[in-house]
Student: 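This structure is in structure tokens; I'll ask about it shortly.
Model, not experiment: these values are computed from the prediction. Convention: sequence-line order gives letters A, B, ...; per-chain numbering from 1. All heavy atoms count here, side chains included; hydrogens, waters and symmetry mates do not.
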Amino acid sequence: MTVQQTNTKPTVALRVGLRSTLGSPVLRSVAWAIPLALIVGLVLYPLLQLMLGVLDLDTNYVVAGPYLRVFRNTLIYALGSTVMALVIGTFLAWIFSRGDVPYIRPARVIIFVGFVVSEFIYAIAYTFLLDPQAGYLTWALGGHTLFPLYSMTGMVLITGLFMVPQVFILVEPALENLGTDLEEASEACGANRWATLLRVHIPLITAALAAAALLTFLLSFASFGIPAALGVPNRIYVLSTLVFSLIRSYPPDFTMAAALSIPFILVGLLATAGKIYLLRRSVRFRVVGGKGKQMRRRHMSKPLQAMLFLVVWVAALLVSILPLAAVVFISFTNSWSRGISDGLGLHNYQFILFDSSGTANMAQTTITVTVATVVVVTTLALLYALYENSHRGIVSGTIRMIAYIGIAVPPIAFTIGALFAYIKPPFAFYGTIWILVATYSARFVPIATDSIAAGLGQISVDLREAAASCGASSWCIFRTVIFPLLWPVVLAAGMVVTVFALREVLSAVFLSTGTIRMAMVGVFDFWEEGNLEFAAALATLLTALAGTAYILAGVLGRRWRS
Amino acid sequence: MEIYLTDVVKQYPGSPTCAIEGLTLTIEGGKVTTLLGPSGCGKTTTLRCIAGFEGINGGTLRFGETVVSDAGRIIVEPSKRNFGMVFQSYALWPHMTVMQNIAYGLRARNWDKARIAGRVDKMLKMLELSHLGKRYPGELSGGQQQRVALGRALAYDPSVLLLDEPLANLDARLRDQMREEIRALYEQTGVTMVYVTHDQSEAAFLSDNVVVMNAGKIQQNSPPAELFDHPANSFVARFVSRSSVVPASEVRRIDGRLRVKTALGECDLCSDIPVDAESSLLVSPSAIDVLPRGTSAAAVTNKAALITDGEIVRIEQGDIAAICMVKVNDVHLKAHLPLESRFSRRMPVTLAIDPAKCQLIPGC
Ligand SMILES: Nc1ncnc2c1ncn2[C@@H]1O[C@H](COP(=O)(O)OP(=O)(O)OP(=O)(O)O)[C@@H](O)[C@H]1O
Ligand SMILES: [Mg+2]
């Protein structure tokens, strides 16, 4: 999520080269303008339509009691799960980067795996485990429940777990980048380990924590699968589920749905502003001083080791192992609530793959939408990164900001905007795959832009200048120097986008229509019909797919770095 | 406060060799002890074991009467050992001002506000940093950062101050200035200091005691003067002294004298040290007279001198005298040249070496 720090050196070579190849300035501007306008349009058009849609609304209606309660619920829900994920994720990151604890390395990989698991899988898995009537754990505990699953507590706890890998991925590198002598100095001064964690580590990784907090907060806002599965049965609504019910009601109340999204746009923008402020502040506190930083693992006493070992493995269990194992297990059962006693088999897979009428269509839609999104996103991101690299200035800065709106605006609001935008001409995409491609692209473009721009920034300017000084044209430099070095980054970004596209629940469910259904919608529909077993089987297949993409992204990323 | 290391062994997990091996050492209270040695010899490791950042695999470590670490256990946590530490990177907290950095240890000790303010003020004055108290470390020069690091480590009257190559990041002039300041601070506070360096002149200037280490073992532990005059073995001699070390190929005892055969020739030493299997002749520059080639033995006043021929390979012009490197049968010897001499590079010369100023030391 580094916005400002990526490469600060403009590449003279590239700029000179591009000028000469693309000929006249007019032609050149037009060539650049197309992808840039596309990025801007994809992000801004739905939001504009959303604003217009709200205009014909009776405002008194919105401040009415039930809606206020939903706002409050949503805030509690998003804040609660963010805090929980931040605390657990940061603590885990600290253990892995600082702890001298044996046998925990595999748990790190396992927690990473949790990243590809969709929130829906969490909902299914924890229903299976904790359902007050039929849950396996409830049964194992002799009918006792640990906490009420179908409640705000249940929603916050499960969503908090779901967000842990996200926080971990953002915070761990920040801690790894912090030399250990800063904390040793603190202990030398007489502060114990925990005081050091609070007064030295945490303030110094504020930027990463802020980025993680913001992202988690916004993702929790957008979270639809878990509130739908755990809240709605007890009539606990958050914004996403309320908006969904408004759209599904007859007649659908689009205006109200739009109006309910507006405050969340504000919250999203505010949170982003807060993050940027914290980031600026933390840049001031660059670590100073001499010879390279030292990374040393501190000696830990046996009881502490044992405690941290336990923390790590329980986290791995709750975050990844249990949800995945539960879903895979259910996918083989005849009836989840009866488990093994009813026999295991492949019939769920048989049904969803061969017998179910919608499968072929769903597979086709999922593949087309995912591939199209990846192509659109990586192409736009690559073009934007190249543009930014050679035209650093107001235009590129503004576009980057606009692209970020795609992240800052809670996906629920953005998705409603997309409904408004693409339901009518000139872009009547509703009912086609293009509504999904356009929405996914707008939402995922910043993710790819970040990593590609960072990758481009790291390709040494010298390399490019050397090529230019040999007389290579810009196209030639791109082909012979930049692309060979950059393609693993582009592909890795593509893989990450694949994961996001396959994982996505909210936009998929809101924007799908009768014939155009993403696989995740299939999971949702099975769930709604009470077919937990089919839902589990389909979810298992999707996770395997997303997992493969994620591993490929990791391998490519590593290959590039070496 | 005294610190006692007894047979301390430290082996990093996954490493086949010990970083320190059977180290026994007493660090005397109120004195400056320097750990000196080449890169990788275990100086930092020793310091970190004393601090408690590393556990030890064998032996015991005591602060005064208290055992703070023994094999496999850290008995007293670093935060309870009451030491100050200055890191090579300074490790100043970038998010705290100079004052907050210095006050940190006092706050950890729960001093009350007024007392903290008074002490911080005193430290700032002592280090001449009073005008910079409100700045962040990123806004200070290297030397100022260094002083803040010292102030932070000394503010709470630690019973020992540990410094790990504190001057390594400074440029030459600042380094000279800072080492004077460190010595002055020591004299003001009288704190026990353990100072790690690989620079012998720093060690000589600062310390009461120098511990020379190599490959995790102590080679010599003595005051600096002793170190230069009587290195314990050829390793110490090569590392610290200005004298040349010439391996002896044969040492025999003849009528209470030692006959030493080296690449320079044979000479007799009056020495009653026991003869090791491997030993070397330590030839100090002042033992060597450089004479024009062809000077006959008869012309040399010292009748016991060892006469040999060589060639000057390098001349370094100093303030008081020039130093030259003379090559004799593949051995390089350092010798003084008179200031106004006619010698120049590549010139063949004859050397007269006074055995009375040579020593036999173990090791080759
Ligand atoms: N964390 C570690 N893990 C494994 N081996 C280590 C570790 N730290 C140091 N060593 C090894 O222990 C030995 C002693 O290292 P140490 O850092 O004490 O050397 P040093 O004398 O401080 O050297 P320098 O002057 O370069 O700082 C070295 O061989 C080093 O490779
Ligand atoms: Mg060291």
Student: At a heavy-atom distance under 4.5 Å, which candidate from B:R109, B:M85, B:R73, B:K80 has the highest pair count against chain A?
Tutor: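 Among the listed options, the one with the most contacts to chain A is B:R109.
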Student: For residues A:V200 and B:Y104, report the shortest heavy-atom separation together with the two atoms involved.
Tutor: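 Taking every non-hydrogen atom into account, CG2-OH, 3.7 Å.
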Student: More than 12 non-hydrogen atoms from neighbouring residues, nucleotides or ligands closer than 6.0 Å to CD on B:E65, yes or no?
Tutor: no
Student: A:D181 and B:S89: side-chain donor and acceptor closer than 3.5 Å?
Tutor: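 A pair is found: one side chain offers a donor N or O, the other an acceptor, under 3.5 Å apart.
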Student: Do B:P94 and A:L204 have side chains that get closer than 4.5 Å, going by heavy atoms?
Tutor: yes
Student: Counting C-beta onward and ignoring hydrogens, is there a side-chain heavy-atom pair between A:C189 and B:F83 closer than 4.5 Å?
Tutor: no
Student: Provide the closest heavy-atom pair for B:S79 versus A:A191 in the form atom of the first, atom of the second, distance.
Tutor: CB-O, 3.4 Å
Student: Work out which heavy atom in A:L182 is nearest to a heavy atom in B:L92; give both atom names and the distance.
Tutor: CD2-O, 3.2 Å
Student: Select one option (side chain, backbone, both, neither) describing which atoms of B:F53 are under 4.5 Å from chain A's heavy atoms.
Tutor: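 Both backbone and side chain of B:F53 come within 4.5 Å of chain A.
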Student: Does any N or O in the side chain of B:R81 come within less than 3.5 Å of the main-chain N or O of A:G190, such that one atom is a donor and the other an acceptor?
Tutor: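 The answer is no, because no donor-acceptor pair under 3.5 Å joins these two groups.
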Student: Answer with side chain, backbone, both or neither: which region of A:R193 has an atom nearer than 4.5 Å to a non-hydrogen atom of chain B?
Tutor: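 Only the side chain of A:R193 comes within 4.5 Å of chain B.
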Student: Is B:Q177 atom CD crowded by more than 12 heavy atoms from other residues, nucleotides or ligands, each under 6.0 Å away?
Tutor: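 Result for CD/B:Q177: enclosed.
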Student: Out of B:W93, B:Y156, B:F87, which one racks up the most heavy-atom pairs below 4.5 Å with chain A?
Tutor: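 Heavy-atom pairs under 4.5 Å are most numerous for B:W93.
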Student: For the interface with chain B, which of A:E187, A:E184, A:E183 has the highest count of heavy-atom pairs at distances below 4.5 Å?
Tutor: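 Top option by heavy-atom pairs under 4.5 Å: A:E184.
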